[in-house]
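Notes follow the structure.
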Amino acid sequence: MRCAVIGLGEAGGVYAAALVRSGHEVLGYDPAATATPEGVTRAATPREAVEGAAYALVLTSASAAPAVAAACRPHLADGACYADFTTAAPAVMERLGSTIGAFADVAILGPVPLHGHQVPLLASGPGADAIAGLLRPLGAPVEVLDGPPGAAMGRKLLRSVFMKGLASVVCEAVAAGRAAGDEGWIRAEVARQLAGDGQAVIDRFLTGTRTHAVRRAQEMRDTGAYLDDLGVPAEMTRAAEQTLLRLSARPAG
């Protein structure tokens with residue numbers, strides 16, 4: 001198959017190289033001076049990359065997604081699958097999907113530098129089955145959702161509430177532990193809390209947080225003051241305090 005990869009940065013380069021290794025003809029476009037993976041033909045324009053391609057994989061920044069789609073749309077072959085891997089808002093994916101027939105909204109659920117092209121993916125939209133058919137033989141786990149463009153990205157952003165929030169909390173906790181001379185202990189404590197029955201932990205958080213919101217808000221206020229004394233930024237701690245105050249003021253239901 002002839003495939004176009006728009007964006008040859010960290011993720012785009014990985015997918016372009018994997019497609020080449022699987023025997024596909026790959027044309028890549030990137031306006032930046034990024035390296036061109038071995039076996040990829042560098043195109044001078046998006047038009048040159050996508051003309052005649054059966055698949056167009058877009059791995060640019062989210063802010064560039066509408067402009068990239070506008071540049072590629074007039075030159076796509078009939079029935080070509082246009083797969084947007086950018087972390088654009090679900091509403092953006094929905095709008096782009098309304099202008100391209102075989103559009104796939106593809107969400108990357110993990111770090112590409114760690115997992116390479118075998119990182120888990122979610123795909124939705126009319127082109128979801130097509131992109132899954134291209135990438136699964138490469139070893140990429142692709143879950144196809146029965147939903148319109150934007151459904152996959154919606155799930156990714158729901159996951160980001162937890163994953164990015166958790167990462168920020170862990171960074172803040174470890175920084176505080178380091179400043180207090182207790183980094184080893186707090187690392188072990190975080191690891192212990194994350195182990196075990198995940199569903200039970202979720203249920204405990206959902207019930208206990210509201211039940212004890214008033215007391216815990218005061219605890220987080222004191223925690224924020226302690227982090228101030230340690231000279232550690234406490235954005236997540238203070239955000240938790242505000243969340244607990246909001247929950248304490250709202251009746252359960």
Steps toward salt bridge (charged side-chain N to carboxylate O under 4.0 Å, His left out) verdict (Arg238, Glu241): CA-CA 5 Å; Arg238 292 201 161 85; Glu241 178 193 348; 5.1 Å; no
Point to revise | Parallel, tilted or perpendicular: rings of Phe85 and Tyr15 (30°, 60°) | key: tilted
Review point. How far apart are the C-alpha atoms of Cys3 and Leu134, what are their side-chain angles, what is the distance that settles it, and do they pass the side-chain contact (heavy atoms from CB on, under 4.5 Å) test?
Key: CA-CA 10 Å; Cys3 304; Leu134 175 70; 4.1 Å; yes
### Query
Heavy-atom count around Glu38 CD within 6.0 Å, excluding the residue itself: above 12?
no
_From CA spacing to verdict: side-chain contact (heavy atoms from CB on, under 4.5 Å), Val190, Gln193_ = CA-CA 5 Å; Val190 170; Gln193 293 296 333; 5.9 Å; no
- Query: Can you get from Ile131 to Ile100 by hopping between Ile, Leu, Val, Met, Phe, Trp and Tyr side chains that sit under 4.5 Å apart?
  - Reply: no
Note: Pro141 and Val119 closest approach over all heavy atoms is CD-O, 3.7 Å
- Quick one: does Arg47's side chain have a donor or acceptor within less than 3.5 Å of a partner on Pro74's backbone? no
Under a 3.5 Å distance rule, please check whether Thr211 uses its side chain to pair with a backbone N or O of Gly208 as donor and acceptor. no
Tightest non-hydrogen contact, residues Ala152 and Ser124, listed as N-OG, 3.1 Å
Heavy atoms of Thr86 and Thr60 approach each other most closely as CG2-O, 3.2 Å
Consider only side-chain heavy atoms of I, L, V, M, F, W and Y, link residues closer than 4.5 Å, and tell whether Leu194 and Trp185 are in one cluster. yes
Taken to the nearest 0.5 Å, the spacing of Ile108 CD1 from His115 NE2 works out to 11.5 Å
Check your understanding: For atom CD of Glu94, is the number of surrounding heavy atoms from other residues, nucleotides or ligands below 6.0 Å larger than 12?
Key -> no
If you count every heavy atom of other residues, nucleotides or ligands that lies below 6.0 Å from Arg155 atom CZ, does the total exceed 12?
no
NE2 of His24 to CE of Met1, rounded to nearest 0.5 Å, is 7.5 Å
In Leu109, Val144, Val106, Val142, the residue satisfying side chain to side chain contact (heavy atoms under 4.5 Å, CB included) with Leu122 is Leu109
- Shared hydrophobic cluster, Val40 / Ile6 (ILVMFWY, side-chain heavy atoms < 4.5 Å): no
- request: Could you check if a side-chain atom of Lys156 sits within less than 4.5 angstrom of a side-chain atom of Met153, using non-hydrogen atoms only?
  value: yes
Check: Ser22 side chain, Leu19 main-chain N or O, donor-acceptor pair, under 3.5 Å: no
Q. Should Met163 and Val170 be counted in the same cluster of Ile, Leu, Val, Met, Phe, Trp and Tyr side chains packed under 4.5 Å apart?
A. yes
Establish whether Val5 and Val112 are linked, either directly or via other cluster members, by ILVMFWY side-chain heavy-atom contacts under 4.5 Å.
yes
Worksheet item: Do Val68 and Tyr29 come close enough that some side-chain heavy atom pair is under 4.5 Å?
Response: no
Looking only at heavy atoms, the pair that brings Ala130 and Tyr55 closest together is O-CE2, 3.4 Å
request  = Decide side-chain contact (heavy atoms from CB on, under 4.5 Å) for Leu157 and Thr87; before the verdict, give the C-alpha distance in whole Å, the side-chain angles of both, and the deciding distance to 0.1 Å.
outcome  = CA-CA 8 Å; Leu157 297 186; Thr87 308; 4.0 Å; yes
Exercise. Do NZ/NE/NH1/NH2 and the carboxylate oxygens of Asp197 and Arg204 come within less than 4.0 Å?
Worked result: no
Looking at Glu172 and Thr237, would you say the former's side chain and the latter's main chain have a donor-acceptor pair under 3.5 Å? yes
Of all heavy-atom pairs linking Val50 and Ala56, the shortest is CG1-CB, 4.2 Å
task = I would like to know whether Asp84 and Met93 meet side-chain contact (heavy atoms from CB on, under 4.5 Å); could you show each step before the answer?
result = CA-CA 8 Å; Asp84 193 324; Met93 292 295 191; 3.7 Å; yes
Salt-bridge present (Arg216, Glu219; N to O < 4.0 Å) | no
Between the CZ atom in Arg178 and the CD1 atom in Ile186, the distance rounded to the nearest 0.5 Å is 12.0 Å
**Message:** Testing the 3.5 Å rule here: is there a donor-acceptor pair between the side chains of Arg215 and Gln218?
**Reply:** no
CG (Leu245) and CZ (Arg221) are apart, to the nearest 0.5 Å, by 5.5 Å
Worksheet entry | Gly150 backbone acceptor or donor facing Asp105 side chain under 3.5 Å | yes
Between Pro126 and Cys81, is any pair of side-chain heavy atoms under 4.5 Å apart?
no
Tightest non-hydrogen contact, residues Val92 and Pro66, listed as CG1-CG, 4.3 Å
Side-chain touch Pro46/His75, heavy atoms, less than 4.5 angstrom: no
